[in-house]
Amino acid sequence: MNKKVRVRFAPSPTGGLHLGGVRTVLYNYLFAKKHGGDFIVRIEDTDQSRYVPGAEEYIFDCLRWCGLEPDESVQHGGNFGPYRQSERKESYRQFAEQLVDKGFAYYAFDTPEELDKMRQDFKTEHNPSPQYDHSIRMKMRNSLTLTNEETKKLLENGTKHVIRIKMPEKETVSFTDMIRGEVNFDTSTVDDKVLLKADGMPTYHLAVVVDDYLMQISHAFRGEEWLPSAPVHILLWKYLFGIENMPQWAHFPLILGPNGKLSKRDGAKYGFPVFAMNWSDPKSGELTEGFKEKGFLPEAFINLLALLGWNDGTEQEIFSKEELTEKFSMERVHSAGAKFDYEKAKWFNHEWIKRLKVESLRLKVGELLAQNGIHVTNEGLLDKIIFLVKDRCTLLTDFVQQSSFFFKAPDVLDVNAVKPKWNEAKQLFFAEIIRNYELTTDWDAHVLENNFKEIAAVNDLKPGELMLPFRIMLVGGKFGPGVFDIAAILGKEETIRRIHYAMGKF
RNA sequence: GGCCCGUUCGUCUAAGGGCUAGGACACCACCCUUUCACGGUGGUGAUACGGGUUCGAAUCCCGUACGGGCUACCA
């Protein structure tokens with residue numbers, strides 16, 4: 001009988017949610033949903049010094065925006081709580097002590113200064129960063145080197161101490177990664193990781209294993225940066241809960257920036273966002289722009305992240321969340337890291353804007369215009385405009401430039417585009433256009449275009465030379481949909497008013 | 001330094017021993033378009049290197065190089 005699929009995403013509330021983080025959530029979510037399982041979000045907040053207020057709420061905001069809502073979490077409830085590790089503090093100590101009793105771990109009383117000294121003393125050219133491992137541990141102050149009485153006394157006196165795992169000296173541990181296949185480690189090269197810190201909090205190593213067990217996690221997926229600590233976790237499973245109960249693992253490749261590692265910091269440096277949504281650091285007050293605010297659709301954001309390290313083997317590139325859920329498979333996730341390409345990311349967004357129906361864009365475009373001081377009350381009009389301009393919008397924010405002029409006469413006209421070729425004949429032509437349009441009763445794009453061209457022909461002028469000035473008059477610059485479509489939407493009065501105003505400027 | 005992971009056009013990738021290594025982004029050219037786009041057609045461009053195994057290797061094996069990650073009482 002198969003265990004129910006239960007996967008978890010375990011962010012630490014220390015800052016914004018970056019690309020790699022969102023992709024990890026996504027793959028976890030897709031895997032869970034594909035197999036009819038649960039998607040759990042657990043907060044890894046055991047390092048209180050790095051806890052950033054607001055980060056937790058921010059993470060859930062991002063998940064909500066992406067449409068990746070958990071089945072269980074701090075915010076969503078569930079039967080395996082608490083979902084915040086700091087609130088589970090008490091349960092970890094007993095497991096750590098259980099390990100000490102069985103001889104798989106030990107108490108260590110070394111002070112930070114002593115650890116520093118050890119790292120200095122044992123540092124050599126061939127070993128620049130000595131580890132607290134089998135070759136060193138017998139030279140340190142811990143329950144392996146002290147007598148039982150000494151240890152007992154120190155503990156009774158409340159001496160600051162940690163619990164470290166005692167890595168076997170010569171053992172090969174291996175597991176089968178769902179993406180990479182069999183991976184082997186030699187325990188002699190792994191150090192005696194701290195499991196329980198001096199403040200009583202567990203480290204990630206202990207917490208992840210205990211919580212995955214208690215929360216009945218069936219599959220555990222995380223970034224490749226965790227691969228080196230896998231042997232510690234494997235041993236903990238073996239010692240504590242039985243290796244046969246260990247979840248199936250997969251380690252995702254890293255998402256790289258233009259120059260290697262994609263760092264959370266200085267997102268502005270790359271010229272593109274690295275966070276899902278705007279993140280303002282409460283300590284520094286620094287604001288880092290997010291994909292949402294940059295003008296990305298969640299549909300596109302998810303789509304582009306999914307394809308960064310996975311594909312279904314066909315040439316399809318545009319997938320809805322439903323399609324991804326149906327087609328996703330861990331076996332088709334790559335093992336190599338992927339460099340993030342912002343140009344391609346924008347292409348995904350453009351494709352989604354083109355594909356999405358006007359109704360799906362209406363709300364977002366309306367909000368965006370409102371933020372720019374344009375409050376649209378006529379929904380039918382907004383729909384018409386969105387339909388007309390959406391093909392030329394790569395980011396949602398492009399809608400502002402592409403549609404503002406429908407509601408507000410341009411503040412500045414690109415007169416330089418017109419002035420050099422402006423002359424008396426053109427002046428007279430537009431004067432006649434005004435008279436003609438004033439008498440037009442059927443205010444329709446085709447009618448306006450026909451009249452425009454007829455008058456041009458009568459005056460022996462090329463329509464092409466007149467359409468650019470006309471565009472500048474209505475729009476202000478060299479952009480936007482067809483001029484006559486614009487005039488049709490603007491209406492008679494406004495169109496004539498803008499021609500009139502602009503003629504005085506050329 | 002040690003350990004682990006990786007390596008196909010500039011970028012994301014397809015091809016799991018067998019046709020001229022396919023697609024997408026970007027770039028270039030042309031068509032469409034009297035703006036900018038959309039769209040259409042075509043083009044430039046890759047199996048890191050060296051050895052094996054094989055009739056045959058991008059694909060399997062070994063080595064080298066290069067890249068990345070880890071090497072905290074951070075996750």
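Numbers restart at 1 for each chain; the letters A, B, ... are given by sequence-line order, proteins then strands.
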(request) Residues of residues 445-458 of chain A with any non-hydrogen atom less than 4.0 angstrom from an atom of RNA chain B: list those, numerically ordered, please. (result)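 Residues of residues 445-458 of chain A under 4.0 Å from RNA chain B: none.
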(message) Does anything in residues 398-417 of chain A come within less than 4.0 Å of RNA chain B? Heavy atoms only, and list the residues if so.
(response)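 Those residues whose heavy atoms fall under 4.0 Å from RNA chain B, taken from residues 398-417 of chain A, amount to none.
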N/O donor to acceptor pairs below 3.5 angstrom from side-chain atoms of residues 166-178 of chain A, sequence neighbours left out:
residue	atom	partner	partner atom	Å
A/Glu171	OE2	A/Lys238	NZ	3.1
A/Asp177	OD1	A/Ile179	N	2.7
A/Asp177	OD1	A/Arg180	N	3.0
A/Asp177	OD2	A/His251	N	3.1
A/Asp177	OD2	A/His251	ND1	2.8

(message) List the residues meeting side chain to side chain contact (heavy atoms under 4.5 Å, CB included) with A/Tyr213, not counting sequence neighbours, and say none if there are none.
(response)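 A/Tyr213 satisfies side chain to side chain contact (heavy atoms under 4.5 Å, CB included) with A/Trp237, A/Phe241 once adjacent residues are dropped.
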(request) Under the ring pair (Phe, Tyr, Trp, His ring centres under 6.0 Å) rule, collect the residues that match up with A/Tyr58, sequence neighbours excluded. (result)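 Listed in chain order: A/Trp279.
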(message) My understanding is that only residues two or more places apart in sequence, or in another chain, count here; which of them pass ring pair (Phe, Tyr, Trp, His ring centres under 6.0 Å) with A/His233?
(response)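 Per chain and number, A/His233 pairs via ring pair (Phe, Tyr, Trp, His ring centres under 6.0 Å) with A/Tyr204, A/His205.
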(message) Filter on salt bridge (charged side-chain N to carboxylate O under 4.0 Å, His left out), then keep only pairs touching residues 123-133 of chain A, sequence neighbours left out; what's left?
(response)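 Applying salt bridge (charged side-chain N to carboxylate O under 4.0 Å, His left out) to every pair that reaches into residues 123-133 of chain A, excluding sequence neighbours, yields nothing.
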(request) Just grab all the salt bridge (charged side-chain N to carboxylate O under 4.0 Å, His left out) pairs involving residues 182-195 of chain A, residues at least two apart or on different chains. (result)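 Listed once each, the pairs are A/Arg137-A/Asp192, A/Asp191-A/Lys193.
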(request) Ignoring backbone atoms, establish whether A/Asn184 has a side-chain N or O less than 4.0 Å from OP1 or OP2 of B/C4. (result)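 Checking B/C4 against A/Asn184, no side-chain N or O comes under 4.0 Å of OP1 or OP2.
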(message) Check the phosphate of B/U71 against A/Thr189, side-chain N and O only, distance under 4.0 Å to OP1 or OP2. Yes or no?
(response)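 No, outside the criterion.
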(message) Using the salt bridge (Lys or Arg N to Asp or Glu O under 4.0 Å) criterion, which residues pair with A/Asp116? Sequence neighbours excluded.
(response)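 Residues passing salt bridge (Lys or Arg N to Asp or Glu O under 4.0 Å) with A/Asp116: none at all.
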Between the protein and nucleotides 26-32 of chain B, list every N/O to N/O distance that falls short of 3.5 Å.
none

(message) Considering every strand and a 4.0 Å limit on heavy-atom distances, what is the contact class for A/Leu115: base, sugar-phosphate, or nothing?
(response)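 The answer is base, as A/Leu115 lies within the cut-off (heavy atoms under 4.0 Å) of a base atom.
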(message) Does anything in residues 457-474 of chain A form a side chain to side chain donor-acceptor pair (under 3.5 Å)? List the pairs, not counting sequence neighbours.
(response)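 Checked against side chain to side chain donor-acceptor pair (under 3.5 Å) - neighbours excluded - the pairs reaching residues 457-474 of chain A are A/Glu432-A/Asn459.
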(request) Could you tell me which nucleotide pairs with B/A14 by Watson-Crick or G-U wobble geometry, both distances under 3.5 Å, or answer none if nothing does? (result)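 Partner of B/A14: none.
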(message) Counting only Watson-Crick pairs (N1-N3 plus N6-O4 or O6-N4) and G-U wobbles (N1-O2, O6-N3), all under 3.5 Å, who is the partner of B/C19?
(response)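 The base-pairing partner of B/C19, which may sit in any strand shown, does not exist here.
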(request) Could you encode protein contacts along nucleotides 38-47 of chain B as a string, one character per nucleotide from 5' to 3', using B for base contact, S for sugar-phosphate-only contact and - for no contact, with a heavy-atom cut-off of under 4.0 Å? (result) SS--------
